[in-house]
Amino acid sequence: MRKKWLGLGLSLVLAVGIAGCGGNDNNNANGGSTNGKSEGSTETPTAETGQPVQLKYWTDDRHDQEYIKELINKFNETNEDNIQVELTVMSENYTQSVDIAFSSNQAPDVLRLKSANTSGFVKKGYLAPIDEYLTDDMNTKFGSLLIDEVNRFDGKVYTLANTGLTLRLVYNKDLFAKAGIENPPVSLQEMVDDAKKITEVGKAEGIYGFALNFKNPKQAFDRSIREILSLSGHQGLGFDLKTGQFDFEPYAQVIEYFKQMYADGSILPGAEALDIDPLRAQFAAGKIGMYLSFSTEPGVYMDQFPTEINWGGALAPTLDGQIKGTSEIVSAGTWLGISAQSANKEAAWKFMQYMYGDEILKTYHEKGFGIAIVPSIVEQAKEPEIGGMEGFLVGEHDSLWPVSPNITPEGSNYADAFFKYILDGGDTKAITEDLNTRYNAALSKAVEKGEAAATPNPAFDPTKPQGE
């Protein structure tokens with residue numbers, strides 16, 4: 001593992017779950033699975049009754065459920081506080097299920113939290129702050145990872161970090177060698193040139209230099225341009241942290257290189273209708289030279305699309321080949337949280353404290369369930385035994401960034417507008433000005449309503465995005 005660490009400071013994917021609230025009922029009609037005892041009661045027994053303190057833990061994670069079951073069984077057998085945890089693994093509609101559970105006073109005691117749902121859960125009053133439980137050691141261990149509007153809201157902490165997703169260039173080493181390319185590109189111009197070379201030597205065999213899942217332009221750009229910009233010194237979703245306003249001019253610069261690859265014929269034909277899994281299947285078959293994506297890819301090529309190709313991950317290229325920022329770690333800062341409705345918050349915290357122990361976090365990383373971002377864990381954990389993962393591990397050029405406002409403008413979003421430009425052309429200056437106008441108008445309205453915050457930070461340093 002790369003042991004260098006750019007100090008992480010303050011900085012995926014909507015959760016899924018069962019449609020019914022379930023409570024302690026084992027009859028999960030929509031595919032949830034449970035682990036532990038079920039009492040069928042909406043009230044949790046207390047230690048004073050002599051009965052075990054029953055806790056319910058809900059998660060939508062299925063990739064790690066066998067390991068989590070082992071941990072919970074061990075906790076149930078060894079804890080000295082007469083606490084028993086019941087695990088429920090959701091299969092769909094997780095957020096909706098949580099809503100239903102809280103509205104009917106059948107909420108779990110502990111919830112799996114993600115960046116996409118934590119803010120909403122806090123605003124709805126579902127979560128209890130954990131500040132009073134944090135020890136000095138835990139503050140030292142996790143303090144540099146507290147992120148405003150991700151795990152800390154209005155000065156109160158609701159969850160702590162475990163893992164995050166890095167973003168990298170994923171490339172076929174064999175195709176690079178076939179095209180006479182020695183190293184992955186470090187600049188966007190090199191990426192354009194390399195994509196063209198790979199296409200020229202491979203097109204007769206259906207091989208192309210570049211691809212993305214352009215069926216959903218926002219997903220495609222958020223797994224690619226976001227990282228290119230953050231390494232180039234710009235916030236990756238179009239927000240200027242120095243001015244507190246949206247400015248898509250740097251974004252437009254990157255788009256010009258993508259448009260050039262499209263014009264060169266270097267992008268896999270049909271990519272306009274390509275989803276991520278079909279793209280992965282094509283890459284596994286050796287038909288794509290490179291694309292950009294998350295650190296989930298090594299696991300995909302181990303289990304979902306096993307491949308014999310020689311591939312790897314590398315830092316994304318930058319606008320000019322110079323690293324002027326840090327590669328943003330995304331979907332980070334959250335893991336477990338305590339329900340505000342729990343009758344046994346102290347017991348829930350004891351379970352959380354157990355789950356956040358060094359050995360569990362270290363093993364979680366080493367088994368490949370997620371990439372550790374807690375500095376002390378990064379330093380001691382071994383590399384996961386998953387092919388290709390070495391290129392995605394947190395290193396000196398990775399860090400968390402401040403969260404940007406989540407704004408929905410009137411009209412098309414930035415990804416749709418720029419993708420239309422790639423396909424049909426147009427005036428990038430006019431497109432950029434229109435996006436800036438619409439996004440900043442929507443931002444102003446959101447700030448007025450108290451739905452977003454946008455405080456300018458003229459001293460913002462992209463090489464130290466959290467001021468560490």
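Owing to the predicted nature of the structure, the values given are computational and were not obtained by experimental measurement.
Here the side chains of Phe392 and Val170 are in contact, with some heavy-atom distance below 4.5 Å. With a 4.5 Å cut-off on side-chain heavy atoms, Val330 and Phe294 count as touching. The side-chain heavy atoms of Asn436 and Asp247, taken from C-beta on, include a pair separated by under 4.5 Å. Side-chain atoms of Leu237 and Gln235, non-hydrogen and from C-beta on, do get closer than 4.5 Å to each other. Side-chain atoms of Val192 and Gln260, non-hydrogen and from C-beta on, do get closer than 4.5 Å to each other. In this structure the side chain of Glu328 reaches within 4.5 angstrom of the side chain of Arg226, judged on heavy atoms. With contacts defined as side-chain heavy-atom distances shorter than 4.5 Å, the pair Thr334/Val150 qualifies. Contact check for Ile255 versus Ile225: side-chain heavy atoms found under the 4.5 Å cut-off.
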Evaluate the salt bridge (charged side-chain N to carboxylate O under 4.0 Å, His left out) criterion for residues Lys218 and Asp222: first the C-alpha distance (whole Å), next the side-chain angles of each, then the deciding distance (0.1 Å), finally the verdict.
CA-CA 6 Å; Lys218 191 171 188 305; Asp222 285 359; 2.7 Å; yes
Before giving the answer on salt bridge (charged side-chain N to carboxylate O under 4.0 Å, His left out), spell out for Asp398 and Arg168 the whole-Å C-alpha distance, their side-chain angles and the decisive distance to 0.1 Å.
CA-CA 11 Å; Asp398 297 290; Arg168 296 290 190 262; 2.8 Å; yes
Evaluate the criterion side-chain contact (heavy atoms from CB on, under 4.5 Å) for residue pair Phe176 and Asp194; output intermediate values, then yes/no.
CA-CA 8 Å; Phe176 269 62; Asp194 291 348; 4.1 Å; yes
For Tyr126 and Ser339: C-alpha separation, side-chain torsions, deciding distance, then whether side-chain contact (heavy atoms from CB on, under 4.5 Å) applies.
CA-CA 6 Å; Tyr126 294 171; Ser339 164; over 6 Å; no
Between Tyr158 and Asn151, does the side-chain contact (heavy atoms from CB on, under 4.5 Å) criterion hold? Intermediate values first, please.
CA-CA 6 Å; Tyr158 291 87; Asn151 55 10; 6.0 Å; no
Please walk me through it: do Tyr257 and Glu190 pass side-chain hydrogen bond (donor to acceptor under 3.5 Å, both in side chains)?
CA-CA 10 Å; Tyr257 292 94; Glu190 286 184 12; over 6 Å; no
Pair Thr118-Glu149, side-chain contact (heavy atoms from CB on, under 4.5 Å): steps then yes or no:
CA-CA 9 Å; Thr118 306; Glu149 303 304 314; over 6 Å; no
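Nearest approach of Leu315 to Leu169, heavy atoms of both residues: O-CB, 4.1 Å. Across Val110 and Ala348, no two heavy atoms sit closer than the pair CG2-CB, 3.8 Å. Nearest heavy-atom pair across Ala161 and Ile373 is CB-CD1, 4.0 Å. Contact record, Asp320 with Lys324: OD2-NZ, 2.8 Å, taken as the closest heavy-atom pair. Here the shortest heavy-atom pairing between Ala220 and Leu212 reads O-CD1, 3.9 Å. Lys56 approaches Gln106 most closely through the heavy-atom pair NZ-O, 3.4 Å.
Between Phe239 and Trp401, the gap from one ring centroid to the other reaches at least 6.0 Å. Taking the six-membered ring for Trp and the full ring otherwise, the centers of Tyr67 and Phe369 sit less than 6.0 Å from each other. Not less than 6.0 angstrom separates the ring centroid of Tyr171 from the ring centroid of Tyr291. Ring pair Tyr356/Trp335: centre-to-centre distance below 6.0 Å. Between Phe121 and Phe102, the distance separating the two ring centers is not shorter than 6.0 angstrom. Aromatic rings from Phe419 and Phe258 are positioned such that their centres are separated by 6.0 Å or more.
Here OG of Ser404 is found 11.5 Å from CG of Asp240. Values are rounded to the nearest 0.5 Å. Rounding to the nearest 0.5 angstrom, the gap separating the CG atom in Leu160 from the CE atom in Met355 is 13.0 Å. With rounding to the nearest 0.5 Å, the separation of CG in Asp60 from OG1 in Thr95 is 8.0 Å.
Using modelled atom types, no side-chain atom of Asp275 and backbone atom of Pro278 make a donor-acceptor pair closer than 3.5 Å. His397 places no side-chain N or O within donor-acceptor distance of the main-chain N or O of Thr326, the cut-off being under 3.5 Å. The closest donor-acceptor contact from the side chain of Ser115 to the backbone of Ala332 lies under 3.5 Å. Between the side chain of Tyr208 and the backbone N or O of Ala195, no donor-acceptor pair lies under 3.5 Å. Side chain of Asp416 to backbone of Asn413: no donor-acceptor contact under 3.5 angstrom is found. A donor-acceptor contact shorter than 3.5 Å is absent between the side chain of Ser331 and the backbone of Leu165. For Lys345 (side chain) and Ala340 (main-chain N/O), a donor-acceptor pair under 3.5 Å exists by modelled atom type. Using modelled atom types, no side-chain atom of Thr199 and backbone atom of Lys203 make a donor-acceptor pair closer than 3.5 Å. Remark: side-chain polar atoms of Ser232 are paired, donor with acceptor, to backbone N or O of Leu319 under 3.5 angstrom. In this structure, Ser187 contributes its side chain and Gly321 its backbone to no donor-acceptor pair below 3.5 Å.
Surrounding NZ of Lys196 are at most 12 heavy atoms belonging to other residues, nucleotides or ligands under 6.0 Å away. Applying the 6.0 Å contact sphere to CG of Asp424 captures more than 12 heavy atoms from other residues, nucleotides or ligands. Around atom CG of Asp154, no more than 12 heavy atoms belonging to other residues, nucleotides or ligands sit under 6.0 Å away. Surrounding CG of Asp358 are more than 12 heavy atoms belonging to other residues, nucleotides or ligands, all under 6.0 Å away.
Asp99 meets the salt bridge (charged side-chain N to carboxylate O under 4.0 Å, His left out) test with Lys124; sequence neighbours excluded.
Asp61 and Gln65 are not linked by any side-chain donor-acceptor pair at a separation below 3.5 angstrom, with hydrogens and angles left out of the test. A side-chain donor from one of Tyr262 and Glu272 sits under 3.5 Å from a side-chain acceptor of the other. Defined by atom type and a distance below 3.5 Å, a donor-acceptor pair is present between the side-chain atoms of Gln253 and Glu249. With hydrogens and angles left out, the side-chain atoms of Asp461 and Thr463 include a donor and acceptor closer than 3.5 Å. At a cut-off of 3.5 Å, with distance as the only test, a side-chain donor of Gln304 or Asp277 sits close to an acceptor on the other residue.
Among residues at least two apart or in separate chains, salt bridge (Lys or Arg N to Asp or Glu O under 4.0 Å) pairs with a member in residues 287-299 are Arg280-Glu297.
Ring-plane geometry between Tyr251 and Phe248 is classed as perpendicular, the angle between the planes exceeding 60 degrees on a 0 to 90 degree scale with a lower cut at 30.
Between Asp148 and Arg152 there is a salt bridge, since a side-chain N of the basic residue sits under 4.0 Å from a carboxylate O of the acidic one. Using a 4.0 Å cut-off between charged side-chain N and carboxylate O, Arg438 and Asp434 make a salt bridge. The pair Asp64-Lys367 does not meet the salt-bridge criterion, since no charged nitrogen lies less than 4.0 angstrom from a carboxylate oxygen. Ionic pairing of Asp131 and Lys156 is not present here: no N-O contact between side-chain nitrogen and carboxylate oxygen is shorter than 4.0 angstrom.
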